[in-house]
Amino acid sequence: MFKRLLLLLLIGATADVMAKDYFVSTPGTTMVLTAEVGKPLMFRYYGARADRDDVFSSYRAMNTQAFRAFGTSCVNPHACQVRFSDGDTSMNLVVESVSESEDKGLKSTVFTLRDTAHDFRVRVHYDACTDCNVMKLWSEYVNCGRKPVLLERFMSAALPVKSKECRLLTLAGNHGNECNEYVEDLGAGTRVISTQEGSRISSACQAAFMLGTDGELSEDHGNVIAGTLAWTGNFQLEFINNPFTQDPVMIFAGINPTASAYTLDAGKTLATPELILTYSTSGRGDAMRSFHFWARRHQVLDGTVEREVLLNSWEGVHLDTYEDAMHSLMDGAAAVGAEMFVMDDGWFGVKYPRAKDNAGLGDWTTDRNKLPNGVEGLVRYAGEKGLKFGIWIEPEMVNTSSELYDAHPDWVLRHQSFEPTVGRGKTQLLLDLTNPKVQDFVFGVVDNIMKENPGVSYIKWDHNMSIENAHSLYLPASHQSNLLVDYQLGLRSILERVRKAYPHLVIQLCSSGGFRLNYGFMPYFQEVWTSDQTDPLHRIYIQWGSLDFYPSNILAAHVCRRWSKYNNRYTPVKFRFDVASMCRLGLELVPSDMNDDERTYATRAIAAYKQIRPVVQQGSLYKLISPYDGNRDFASLMYVTDDGNRAVVFAYRMLYTRSMPERVIKFRGLNPEKRYLIREVCPEHEGKPVQIDGKVVSGRYLMTEGVVIRELEDRLSSKMVDDLRQTNDYRSVVLELVAQ
Ligand code: GLA
């Protein structure tokens with residue numbers, strides 16, 4: 001008996017010697033996998049940076065299959081399932097080879113897994129950043145055989161998590177109400193976050209999560225795994241938890257397989273989107289900052305370049321983009337200190353002018369009735385006013401009332417034998433981006449504008465319909481279910497052409513507000529229209545949630561008029577500016593409609609924003625008081641420069657109730673050894689800043705004891721009703737801290 005046991009131990013030891021452990025590390029985190037040729041790839045650890053002894057003595061250590069295909073242990077969740085030409089759906093993936101390389105700050109470890117039953121491989125990638133704690137997990141499906149195969153499930157990544165108590169944060173929303181934070185216990189069973197919108201993929205939820213693995217999800221302590229799938233199409237994140245077994249929680253992330261079984265032709269490879277992962281040992285705030293750091297430096301186009309203050313015409317005039325109105329908006333924008341003017345929807349259409357939202361999409365020719373001197377006239381006028389000029393397009397769309405549709409009815413997504421579901425204006429359809437001719441056309445929309453008007457500095461690329469009619473008149477019947485993926489590949493190839501031709505033209509991504517907010521787009525876009533919701537109170541929640549994963553400089557935040565059209569709420573001008581100044585500031589109003597006080601304040605606020613812009617757009621974000629907590633009456637956050645010498649603090653009182661308790665704001669991220677001069681950035685009344693203005697306080701004190709800003713406390717006034725500046729709700733302050 002004893003001899004048999006010894007023999008077994010020896011066999012085990014021999015197997016271990018042949019197997020090799022791969023340590024994939026960022027500066028502060030480590031992932032460990034064990035590979036042995038001919039055996040399944042094993043996942044051992046993901047957590048704080050660790051060496052061999054740390055890992056294998058850790059309670060987080062495991063030994064579970066890293067990337068399981070359907071076929072072996074079929075009762076367990078698997079990352080992929082393939083239907084081969086003979087109908088077989090079972091695979092047995094084992095390690096064939098491993099390669100390691102390093103390029104441009106990214107260490108890549110690639111495990112090639114071979115199916116022992118078919119000529120098929122999966123290359124599983126683990127890429128680790130060398131300058132931040134971000135890893136990217138993705139995979140490639142390679143059909144080495146002679147016949148097509150059908151990928152029925154083809155996840156990018158599988159991540160086992162050793163924790164029995166998890167708190168899950170996700171973002172959910174709707175039009176004008178994007179990115180609300182939801183935090184819940186990860187219960188027993190399967191939690192799925194997915195979308196089937198096809199193209200406006202973030203309309204209901206974000207492809208993103210944070211998972212507190214110590215049973216809590218705190219801002220500044222505890223271990224957190226956070227991830228987001230960088231994909232422009234339908235996504236699926238799954239969390240599978242059986243608390244009654246020793247099995248780890250399994251996370252799968254990838255393209256949503258629903259209605260997307262993908263025919264992979266012989267000899268072809270499908271690369272799946274990247275799951276961007278980070279791990280924090282000091283709470284969700286640190287995970288958020290890792291995403292921001294990585295995004296600005298590695299994912300967002302021109303992510304470290306400061307963005308300009310612009311005025312967009314949409315809320316001001318909607319489709320009435322008449323030359324006089326454009327001139328007047330530009331006059332007003334220049335007078336308050338904006339740097340750019342963007343003409344939104346409404347400027348195009350000759351035979352089918354864009355008088356309403358049911359005509360013109362597809363016909364990107366200037367409507368000379370509205371603009372007798374054309375776009376070129378506006379670009380010139382903007383130049384005379386010292387403004388840059390931007391223009392709106394929705395190039396993936398067409399209205400059935402358009403010359404484009406008249407000429408190419410087969411370019412739209414629809415089924416040939418029944419009426420399509422139509423979108424906005426009851427005439428909107430999507431163009432079929434799988435068709436190379438359509439790809440040329442969409443590229444041409446940008447190219448023509450830029451060739452005709454080289455002075456255009458900015459494009460707002462909108463997208464206001466989901467893929468309701470998931471049928472291509474271009475793809476053969478055998479490949480119809482590739483459409484939802486191939487649409488995205490077509491879009492990507494267009495965007496790559498655009499960027500080759502116009503590498504740094506600023507292009508904002510918009511989709512009915514923030515319906516396309518996803519890192520998959522960001523190599524091609526500098527910023528995103530965060531939401532059509534411009535009511536500042538509502539915006540605090542939307543921006544707060546968006547900031548969990550996305551940095552401030554890509555989130556466009558525009559000041560609306562006194563009365564917000566979406567929420568029918570009146571708010572004071574200072575509050576509106578203080579909320580929008582949290583991200584990339586802009587205006588969405590008619591300057592000439594502002595009263596003198598508002599205009600004067602707007603001019604000061606824009607000048608003040610330009611001063612703090614480097615800190616707000618590039619600093620590290622620390623969240624101080626969440627608007628989602630408690631009575632939802634207060635919110636505060638701050639940005640700090642890398643050297644800790646400058647910071648900007650935002651504080652908002654969102655709801656007044658009589659005799660409210662004092663709100664103590666404890667700052668974060670400062671240097672405890674330094675003393676900071678505190679200055680109110682843009683006081684409500686010029687020369688009358690809040691009491692704390694001018695004080696010099698140590699970083700240590702500000703972070704441990706904090707401050708109370710008296711001016712955000714009670715301020716009842718008889719003028720309250722008619723003078724919005726006196727209202728007790730919607731009070732705010734922005735402070736700048738400069739190390740002495
Ligand atoms: C969408 C956008 C808006 C505006 C309109 C124009 O709704 O989100 O900002 O551009 O389209 O039609």
Side-chain angles (χ1 to χ4, degrees), residues 173-179 197 199-204 310-322 325-326 329 340-349 352-364 367 370 389-399 401-402 422-430 445-446 449 456 458-466 506-518 521 525 527-535 538-539 542-543 546 554-561 564-567 580 583-590:
N174 197 351
H175 180 240
N177 191 10
E178 295 89 338
C179 290
E197 294 284 326
S199 56
R200 295 190 300 177
I201 47 133
S202 306
S203 56
L310 60 85
L311 185 144
N312 180 293
S313 68
W314 178 245
E315 278 193 34
V317 301
H318 293 106
L319 296 172
D320 296 333
T321 50
Y322 290 93
M326 299 298 95
L329 288 176
M340 175 144 50
F341 170 72
V342 178
M343 176 170 63
D344 209 285
D345 193 356
W347 60 271
F348 49 89
Y352 299 93
R354 184 89 170 150
K356 288 196 193 152
D357 65 2
N358 62 359
L361 291 178
D363 299 350
W364 302 104
D367 176 357
K370 283 183 182 165
F389 185 84
I391 194 164
W392 180 95
I393 52 173
E394 197 178 356
E396 297 159 76
M397 300 288 168
V398 63
N399 288 122
S401 35
S402 69
V422 282
R424 192 176 179 195
K426 300 197 170 56
T427 55
Q428 187 175 16
L429 291 170
L430 267 98
V445 175
V446 176
I449 287 178
V456 167
Y458 178 105
I459 282 180
K460 175 172 173 178
W461 179 305
D462 210 337
H463 186 96
N464 290 316
M465 186 180 174
S466 303
V506 181
I507 310 186
Q508 181 192 65
L509 176 64
C510 174
S511 176
S512 315
F515 281 4
R516 272 183 157 180
L517 178 59
N518 184 290
F521 289 100
F525 294 88
E527 61 170 41
V528 173
W529 179 226
T530 315
S531 175
D532 276 343
Q533 181 59 264
T534 47
D535 165 28
H538 205 150
R539 263 286 179 141
I542 296 170
Q543 289 170 195
S546 307
I554 76 163
L555 300 172
H558 294 184
V559 174
C560 69
R561 69 184 89 172
S564 95
K565 75 170 190 170
Y566 286 104
N567 284 353
C583 297
R584 198 282 278 137
L585 174 68
L587 306 173
E588 196 85 23
L589 45 70
V590 178

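Computation of the quantities below employed the complete heavy-atom set of this structure, encompassing side-chain atoms and omitting hydrogens, waters and symmetry-equivalent molecules. Read the numbers this way: they start at 1 and go in the same order the structure lists the ligands and their atoms.
Evaluation of the salt bridge (charged side-chain N to carboxylate O under 4.0 Å, His left out) rule for Arg539 yields no partner, not counting sequence neighbours. With sequence neighbours excluded, no residue forms a salt bridge (charged side-chain N to carboxylate O under 4.0 Å, His left out) with Glu588. Scored by the side chain to side chain donor-acceptor pair (under 3.5 Å) test, Trp529 finds Asp532 as partners (sequence neighbours excluded).
A salt bridge links Lys460 to Asp344: at least one charged side-chain nitrogen sits closer than 4.0 Å to a carboxylate oxygen.
Of all the heavy atoms in Gly425 and Asp357, the pair that sits closest is CA-OD1, 3.5 Å. The two atoms that bring Gly346 and Lys370 nearest to each other are O-NZ, 2.7 Å, heavy atoms only.
The 4.0 Å heavy-atom shell around ligand 1 contains residues Trp314, Asp344, Asp345, Trp392, Arg424, Lys460, Asp462, Asn464, Cys510, Ser512, Gly513, Trp529, Asp532, ordered by chain and number.
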